[in-house]
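Contents: one structure, followed by commentary.
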There are 2 protein chains.
Amino acid sequence: MKKDVTTEEKIKEAAREVFMAKGFAGCSSREISKAAGMNVALVNYYFRSKSQLFQIIFQAAMEDFVTSMMTVFSSDQSIENKMRIFIEREFEFLSKHPELPVFIITEMNREEGCSIDHSCFFEKIASSGIFNECAQAQAEGKMRKINILSLTLLIMSNCQYPIMARNLMQGIHGLSDEEYSANLILHKQNVTDMLVTYLFPTQTNNKI
Amino acid sequence: MKKDVTTEEKIKEAAREVFMAKGFAGCSSREISKAAGMNVALVNYYFRSKSQLFQIIFQAAMEDFVTSMMTVFSSDQSIENKMRIFIEREFEFLSKHPELPVFIITEMNREEGCSIDHSCFFEKIASSGIFNECAQAQAEGKMRKINILSLTLLIMSNCQYPIMARNLMQGIHGLSDEEYSANLILHKQNVTDMLVTYLFPTQTNNKI
DNA sequence: AACTATTTTAAACACTTGTTTAAAACACAT
DNA sequence: ATGTGTTTTAAACAAGTGTTTAAAATAGTT
């Protein structure tokens, strides 16, 4: 047979789109199969059930998520520069995949949802050596002493929330898509300034 | 008839719990009616449909959300103190209603979802005079000059995300409920320090 | 007690859900 | 062309969905 895009991948692609947009509970098997342009039964022929298909999609989404971090952490830069580049990349990445954070958070909260071990993601990030690098910088007084969770939260909060809450913010502030996108660029700069100033309090950074 | 808790309220209470925990798509009418301890038909007898019931619950949730802000903004405090108190209160409020932010954001993203006018919430907040107060403080050089959206985002991001992403963060960092709660208190302090230092850059605040 | 209006229920409606079955279409070797 | 294994489909399955209907239970009035 041989095709440029195999059926299995067509399903995965469609499932990813539909799951991300509507969540596990918000869509049906038929909706996915229709998006993939085929019969319902095929979805269960390749993946045993809707749940199993979902697990695969979710796992891949988490993978993407972490991978996007790794490229920066593993780079040959000062820790402050890594921070700047990471924020830059995170805004760029999330602008391309805006549903990803809400998707992951929502499905993590689902009771029957993904029962995979998530600590592997932590280990993957840890293997980049970024945490050791932080500890060293903190010991040398180059970096503010906060624990890893707080550090993670500070970065994730300020990068992800502005993307996640887009519709809410546009609704509240009455902004068009273009206006919000423009403001997002300004906000990214504010976030970078704030985080770098807070985390790396040097004489230069403390200037107003 | 007269009862201590009217049927209508029993439904609303049950609906709020179930909707918040599972979302609109994630639950059924029967599930709500069962949680309220009554027949399915009663839900549609008091509220015409599942959608209409949802709209009411969602509207009330947004109301709660905004009201929790107003009490602080309207208080008689310096703007820097308002900020500190607001963060304190927001962490406290969200710890009691952890599903609220994800619920609002998720349902704002739903296509068929709540088509209400959200600008009224902005006006409600604006009526507290907080925005004018900010503008004045900025004009006097007491506060960093950033636009309202960016200000909103900075605060909301750092207050809401740590609650929203609780399960994700616990999973990644391998933390128990108690551990995370404890860390949340530390993080709240970090967030307060960071935001106040960034937004009100005075000589005292700039100290490490 | 008998009538009326409201509140609650069981049952049914038509439709969608996830999943399975059995037959059809297809590819490919001989 | 025939046979074989894989891929795809239409059809059906039982269970669950939102909603409606008509009857039962209840409350309130006379």
Side-chain angles (χ1 to χ4, degrees), chain A residues 1-60 103 106-107 110-116, chain B residues 1-60 103 106-107 110-116:
Chain A
M1 23 113 72
K2 272 280 177 86
K3 321 167 192 176
D4 25 348
V5 183
T6 166
T7 309
E8 196 173 332
E9 279 176 64
K10 260 199 276 185
I11 297 175
K12 282 218 261 184
E13 210 166 313
R16 192 189 138 92
E17 270 179 50
V18 177
F19 276 143
M20 296 266 266
K22 309 199 170 188
F24 178 80
C27 70
S28 66
S29 304
R30 282 167 177 81
E31 194 174 347
I32 293 172
S33 73
K34 200 167 285 183
M38 61 187 60
N39 194 279
V40 209
L42 258 190
V43 173
N44 278 23
Y45 174 73
Y46 280 97
F47 311 85
R48 286 164 45 96
S49 68
K50 185 191 175 189
S51 299
Q52 289 225 9
L53 174 57
F54 177 81
Q55 292 290 349
I56 289 167
I57 302 298
F58 184 82
Q59 186 87 17
F103 174 71
T106 305
E107 303 298 343
R110 245 195 37 246
E111 297 180 39
E112 316 88 4
C114 39
S115 49
I116 18 168
Chain B
M1 27 117 62
K2 271 282 178 82
K3 322 169 193 177
D4 25 347
V5 183
T6 166
T7 309
E8 196 173 332
E9 280 176 65
K10 261 199 274 183
I11 298 175
K12 283 218 258 183
E13 210 167 313
R16 193 189 136 92
E17 269 180 51
V18 178
F19 276 144
M20 295 266 266
K22 308 199 171 189
F24 179 81
C27 70
S28 67
S29 303
R30 282 167 178 80
E31 193 174 348
I32 294 172
S33 73
K34 199 167 286 183
M38 61 187 60
N39 194 279
V40 209
L42 258 190
V43 174
N44 277 23
Y45 174 73
Y46 280 96
F47 311 86
R48 287 166 42 96
S49 67
K50 185 191 176 189
S51 299
Q52 289 224 10
L53 174 56
F54 177 82
Q55 293 289 348
I56 290 167
I57 302 298
F58 183 82
Q59 186 87 18
F103 175 70
T106 305
E107 302 298 343
R110 250 203 23 254
E111 298 181 38
E112 318 87 3
C114 40
S115 50
I116 20 168

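In what follows, chains carry the letters A, B, and so on, assigned in the order in which the sequence lines appear, proteins first and then strands, with residues in each chain numbered from 1. Heavy-atom basis, side chains included; hydrogens, waters and symmetry copies ignored.
When the P atom of D:dT26 is taken as reference, atom CG of B:Asn39 falls 15 Å away, rounded to whole Å. Between B:Glu31 atom CD and D:dT19 atom C1' there is a gap of 18 Å when expressed in whole angstrom units. What separates CG of B:Leu42 from P of C:dA11 is a distance of 16 Å, to the nearest Å. Atom NZ of A:Lys22 is separated from atom P of C:dT17 by 10 Å (rounded to the nearest Å). When rounded to the nearest whole Å, the span between NZ of A:Lys50 and P of C:dT17 equals 9 Å. In this entry the distance linking CD of A:Glu8 with P of D:dT7 reads 10 Å, nearest Å. Put simply, CZ on B:Phe24 is 8 Å from P on D:dG18, counting in whole angstrom units. In this structure, CE of A:Met38 is placed 19 Å from P of C:dA25, rounded to the nearest angstrom.
No more than 12 heavy atoms of other residues, nucleotides or ligands shown are found within 6.0 angstrom of NZ on B:Lys12.
Here A:Thr7 does not reach the OP1 or OP2 of D:dT7: none of its side-chain N or O atoms lies under 4.0 Å away. Distances shorter than 4.0 Å separate some side-chain N or O of A:Tyr46 from OP1 or OP2 on D:dT8. Proximity of A:Tyr45 to the phosphate of D:dT8: no side-chain N or O atom is located under 4.0 Å from OP1 or OP2.
A salt bridge links B:Glu107 with B:Arg110: the closest approach of a Lys/Arg side-chain nitrogen to an acidic carboxylate oxygen falls below 4.0 angstrom.
Between atom CZ of residue A:Phe54 and atom SG of residue A:Cys27 there is a gap of 9.0 Å, rounded to the nearest 0.5 Å. Within the model, atoms CD1 of B:Ile32 and OG of B:Ser28 stand 7.0 Å from one another, a figure rounded to the nearest 0.5 Å. Taken to the nearest 0.5 Å, the OG1 atom of A:Thr6 stands 11.0 Å off from the CD atom of A:Glu13. Atom NZ of A:Lys22 and atom OG1 of B:Thr106 lie 14.5 Å apart (nearest 0.5 Å).
Of the candidates C:dT20, C:dT9, D:dT19, D:dT19 carries the atom nearest the B:Ser29 side chain, counting heavy atoms from C-beta on. Side-chain proximity of A:Asn44 to D:dG18, C:dT20, D:dA12: nearest is C:dT20. Here the side chain of A:Ser28 is nearest to one of C:dT8, D:dT9, C:dT17, namely C:dT17.
At a threshold of 4.0 angstrom between heavy atoms, the contacts of A:Ser51 with the nucleic acid are absent.
With hydrogens and angles left out, the side chain of A:Arg30 and the base of C:dT19 share a donor-acceptor pair within 3.5 Å.
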Next item on the list: Starting at the 5' end of DNA chain D, write a dot or bracket for each base, bracketing those in Watson-Crick or G-U wobble pairs whose two distances are under 3.5 Å and using | for partners on another strand.
Entry: ||||||||||||||||||||||||||||||
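When atom types are taken as modelled, the side chain of B:Glu8 and the backbone of B:Tyr46 share no donor-acceptor pair closer than 3.5 angstrom.
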